[in-house]
Amino acid sequence: EPEVTQTPSHQVTQMGQEVILRCVPISNHLYFYWYRQILGQKVEFLVSFYNNEISEKSEIFDDQFSVERPDGSNFTLKIRSTKLEDSAMYFCASSEGGNPYYNEQFFGPGTRLTVL
Amino acid sequence: GNSVTQMEGPVTLSEEAFLTINCTYTATGYPSLFWYVQYPGEGLQLLLKATKADDKGSNKGFEATYRKETTSFHLEKGSVQVSDSAVYFCALRGSGTYKYIFGTGTRLKVLA
């Protein structure tokens, strides 16, 4: 069964460093998303991406964050200068074409980011 | 704004016990409601969903009914198994938006 994969499973970085979290969505999906969950808090939406553009983003997704689909298979989240409060589990998701407001989002296992 | 509140965990039950995990929501319009499950080391998997009031979603013995009058979407299962041990997330998606709004998740542990 096709699935969303994410690498690495755990990333440790120093405050101020840049990190790139990688995701491989399901191959025929067209919509891509990032969410995060700070320990003990809710899973929060960060951004959605379609046709090489951001289609929706939350107030969390500020200039420190960017997303990219560098090739036909990967979808990345970059944090330019990490802060302590960026420590969280980051989930990637993807959904089919058609109606994205209706289609199910398929989630990866997450990358745990620890900022020291 | 839209929000989801679900009961705190962890919930510990014996095998074959009845499960209820409460979920209530606040939303404008007519959101779709979801339950996702996360098994250890895996991603969030859709367990069931309901897209309009009074719809009942069901899968693998789990059920939840979209109750607009009480703004609730409680998850139930009549007889849990050890293999149901996981974290369960209630979520909603508002009309005309991509984003899911999740609750904090409820960890379920089922003992043999």
Side-chain angles (χ1 to χ4, degrees), chain A residues 1-7 9-10 23-26 29-51 53-61 88-112, chain B residues 1-10 21-52 55 57 59-60 64 66 86-107:
Chain A
E1 187 175 332
E3 59 183 14
V4 177
T5 59
Q6 292 185 241
T7 54
S9 56
H10 190 191
C23 168
V24 179
I26 295 172
H29 284 189
L30 299 180
Y31 293 85
F32 313 110
Y33 314 87
W34 284 101
Y35 292 77
R36 78 173 186 190
Q37 185 180 29
I38 295 170
L39 190 63
Q41 298 185 24
K42 297 184 177 185
V43 177
E44 304 170 291
F45 171 81
L46 294 178
V47 66
S48 62
F49 190 82
Y50 170 72
N51 199 27
E53 289 184 346
I54 290 173
S55 44
E56 188 175 352
K57 63 180 182 178
S58 71
E59 60 276 9
I60 302 168
F61 195 87
M89 179 73 86
Y90 288 81
F91 294 103
C92 174
S94 67
S95 63
E96 294 177 329
N99 186 346
Y101 301 142
Y102 181 80
N103 291 339
E104 174 189 349
Q105 294 178 17
F106 291 79
F107 287 80
T111 292
R112 180 164 297 285
Chain B
N2 295 349
S3 67
V4 172
T5 302
Q6 63 182 105
M7 62 188 287
E8 295 275 339
I21 300 178
N22 290 338
C23 173
T24 57
Y25 68 91
T26 303
T28 54
Y30 302 94
S32 296
L33 301 176
F34 307 84
W35 278 100
Y36 275 79
V37 58
Q38 185 178 32
Y39 300 102
E42 299 184 17
L44 298 166
Q45 301 174 23
L46 180 65
L47 182 59
L48 53 85
K49 69 179 182 183
T51 57
K52 61 183 188 297
D55 268 2
N59 186 25
K60 300 180 182 179
Y66 188 148
V87 181
Y88 292 82
F89 293 88
C90 184
L92 72 80
R93 181 169 57 193
S95 303
T97 178
Y98 300 99
K99 68 180 179 184
Y100 286 21
I101 295 173
F102 285 88
T104 50
T106 303
R107 182 174 299 278

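Remember, it's a predicted structure, so these values are computed and weren't measured experimentally. Quick note on labels: first sequence line is chain A, next is B, and so on, each numbered from 1.
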Margin query: Heavy-atom cut-off 4.5 Å, strictly under: side chain, backbone, both or neither for B:Thr51 against chain A?
Written below: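 The side chain, not the backbone.
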
Does any heavy atom of chain B fall under 4.5 Å from the side chain of [X], the backbone, both, or neither of them?
X	value
A:Tyr50	neither
A:Ser95	neither
A:Glu104	both

Open item on the list: On a heavy-atom basis, which atom in A:Asn103 and which in B:Arg93 lie closest, and how many Å separate them?
Closed with: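 Taking A:Asn103 first and B:Arg93 second, the nearest heavy atoms are O-NH1, 3.1 Å.
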
Review point. B:Thr104 and A:Gln41: which non-hydrogen atoms are nearest, and at how many Å?
Key: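 Smallest heavy-atom distance, with atoms named: CG2-C, 4.0 Å.
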
Checklist entry - Does A:Glu3 reach the main-chain N or O of B:Glu42 with its side chain, forming a donor-acceptor pair under 3.5 Å? => result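 Flag not set: sc A:Glu3 to bb B:Glu42 has no pair under 3.5 Å.
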
>> Donor-acceptor check, side chain of A:Lys42 to backbone of B:Val4, threshold 3.5 angstrom: yes or no?
In response: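 Indeed, once roles are kept as given, a pair shorter than 3.5 Å links the two residues.
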
Does the ring center of B:Phe102 lie less than 6.0 Å from the ring center of A:Tyr35?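 Yes; A:Tyr35 has its ring centre under 6.0 Å from that of B:Phe102.
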
Among B:Gln6, B:Gln45, B:Gln38, single out the residue with the greatest number of heavy-atom pairs under 4.5 Å to chain A.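 Of the candidates given, the most pairs with chain A belong to B:Gln38.
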
* Under 4.5 Å, counting heavy-atom pairs only, tell me which of B:Gly96, B:Gly105, B:Ala91, B:Ser32 racks up the most with chain A. =>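 Ranked by contacts with chain A, first place is B:Gly96.
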
- Message: With rounding to the nearest 0.5 angstrom, report the CZ to CZ distance, A:Phe107 to B:Phe89.
- Response: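 The CZ atom of A:Phe107 sits 9.5 Å away from the CZ atom of B:Phe89.
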
Q.
As an exercise, state the distance from OH of B:Tyr98 to CZ of A:Phe32, rounded to the nearest 0.5 Å.
A.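 B:Tyr98 OH to A:Phe32 CZ: 12.5 Å, rounded to 0.5 Å.
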
More than 12 heavy atoms from other groups under 6.0 Å of OH on B:Tyr39:
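More than 12 within 6.0 Å, yes.
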
Note to self: Side chains of B:Phe34 and A:Gln105, heavy atoms from C-beta outward: is any pair under 4.5 Å?
What the structure shows: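 No, their side chains stay 4.5 Å or more apart.
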
